[in-house]
Amino acid sequence: MDDALREVELFRVRLPLVAPFRTANVTTAVKEALLLRVRTAAGVGWGECTAPATPAYDGETIDDARLALRDHLLPRAFAGAGLADVRGHTSARAALECAVLDARLRADGISLARWLGAGRPAVDAGVAVGLVDDLDTLRRAVAAYVEAGYRRIKCKIEPGNGVAVLAAARAEVGPGVSLAADANGSYALDEARRLFDDIDGLALQCVEQPCAPEAVADHATLVEQVRTPICLDETITSATVASDVIARRACDALAIKVGRLGIEESKRTHDACVLGSIAALPGGMLETGVGRAALLAVAALPGFTLAGDCSASERFFGVDGDLTEPFVIHDGKLRVPTGPGLGVEPIPDRLARCTVAHERLTPRG
Ligand code: OSB
Ligand code: MG
């Protein structure tokens with residue numbers, strides 16, 4: 001099927017979160033995203049750019065992504081040229097890749113999961129719990145997610161509160177549900193060593209990104225010296241980096257961010273994990289339903305042996321707040337969409353209500 005690109009619409013959307021989501025580096029109260037609707041020779045497709053509003057997570061922002069698309073990626077794509085001479089801007093690239101692929105797969109009547117060879121019909125639900133001011137609030141939130149059926153609870157931590165947060169959460173999370181932490185790179189090596197001394201008895205699934213994204217040797221030191229598995233997130237900017245950190249024994253598991261790496265690069269990263277006998281888990285970016293559909297299709301691959309960040313639409317956006325029909329938990333899992341392409345699309349009036357800016361780009365500009 002012909003992927004020739006005819007038109008791209010960019011929808012800048014704002015979705016209020018049910019509550020502010022706080023990490024070691026940034027607080028998000030409103031989810032901002034860029035939805036791409038492409039028209040190719042095959043038909044219409046959708047993609048979501050998951051870059052955050054601020055550069056606090058991995059540097060890329062939603063406004064960078066818009067400019068990268070407008071000035072660099074789309075002119076090449078309209079000209080039928082490859083993107084080989086563009087480095088970085090992976091979230092912008094991922095959104096375009098997803099939309100073009102969605103158009104093709106819709107035309108061919110094949111679901112993204114089937115196209116990937118990802119056979120799992122449903123994926124374990126997992127939820128990220130932000131930093132909060134008091135431990136009672138944290139305990140209540142964790143208990144409610146366990147009650148809702150989540151199979152993995154990931155608590156954000158930062159230096160000064162890691163032990164208290166994880167000990168409090170542990171008391172609410174029984175066997176059968178994984179408990180994990182995510183430090184978003186906020187610990188220095190010596191702080192991380194002290195943290196692990198205190199939490200190695202808590203039987204955590206993993207700690208995501210304890211030290212800075214570039215601190216590969218520090219993570220290798222931790223893998224050697226601590227019992228709790230180390231999972232890398234921000235460090236993993238490509239499948240090549242994944243193979244490299246696996247070879248350096250700098251991680252026990254990888255969080256694969258489909259929104260940030262793109263669909264095909266996520267598959268290659270998954271393959272690197274399988275080859276290196278490292279566990280993979282699906283990583284979320286507070287996606288709307290469009291990005292969540294892509295995440296679930298990729299998470300249906302067999303190498304995702306650990307539960308990750310696949311939460312229900314309600315977790316961040318409330319019962320009817322997502323852009324698509326909501327993803328809901330059934331028996332601790334989210335169903336992988338089976339319809340052609342992503343298997344979901346934005347509900348037109350929801351999209352209209354959430355859109356704060358719209359632009360239409362064509363080969364003629
Ligand atoms: O570090 O895993 C992260 C959200 C946005 C950016 C980075 C991260 C996160 C989360 C939430 O932890 C994951 C989710 O979408 O549930
Ligand atoms: Mg993370």
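Atoms considered below: every heavy atom in the structure, side chains included; atoms not considered: hydrogens, waters and symmetry mates. These figures come from a predicted structure and were not determined experimentally. Start at 1 with the first residue, then count along the sequence. One-based numbering, in listed order, for ligands and for the atoms of each.
Ion pair Glu264/Lys267 not flagged as a salt bridge, since none of the NZ, NE, NH1 or NH2 atoms sits closer than 4.0 Å to an Asp/Glu carboxylate oxygen. Salt bridge Glu325/Arg350: absent, no basic N to carboxylate O contact under 4.0 Å. Electrostatic pairing of Glu224 and Arg249 does not count as a salt bridge here, judged by no charged N lying under 4.0 Å from a carboxylate O.
Residues of the protein with a heavy atom under 4.0 Å from ligand 1 are Phe21, Tyr57, Ala128, Lys154, Lys156, Asp182, Asn184, Glu208, Asp233, Lys257, Gly284, Met285, Leu286, Asp309, Phe316, listed by chain and number.
In this structure, Glu234 and Asn184 have side chains that are in contact, with non-hydrogen atoms separated by less than 4.5 Å.
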Going through the distances and angles, do Arg114 and Asp108 end up as a salt bridge (Lys or Arg N to Asp or Glu O under 4.0 Å)?
CA-CA 12 Å; Arg114 198 177 133 213; Asp108 291 348; over 6 Å; no

Walk me through whether Asp233 and Arg260 qualify under salt bridge (Lys or Arg N to Asp or Glu O under 4.0 Å).
CA-CA 10 Å; Asp233 169 5; Arg260 195 153 64 77; 3.2 Å; yes

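Applying side chain to side chain contact (heavy atoms under 4.5 Å, CB included) to Pro346 and the options Leu351, Thr288, Thr355 leaves one that passes, Leu351.
When the N, O or S atoms of Asp182 are ranked by distance to the Mg ion (ligand 2), OD2 comes first.
Our summary of the site lists the angle at the Mg ion (ligand 2) between OE2 of Glu208 and OD2 of Asp233 as 100°, to the nearest 10 degrees.
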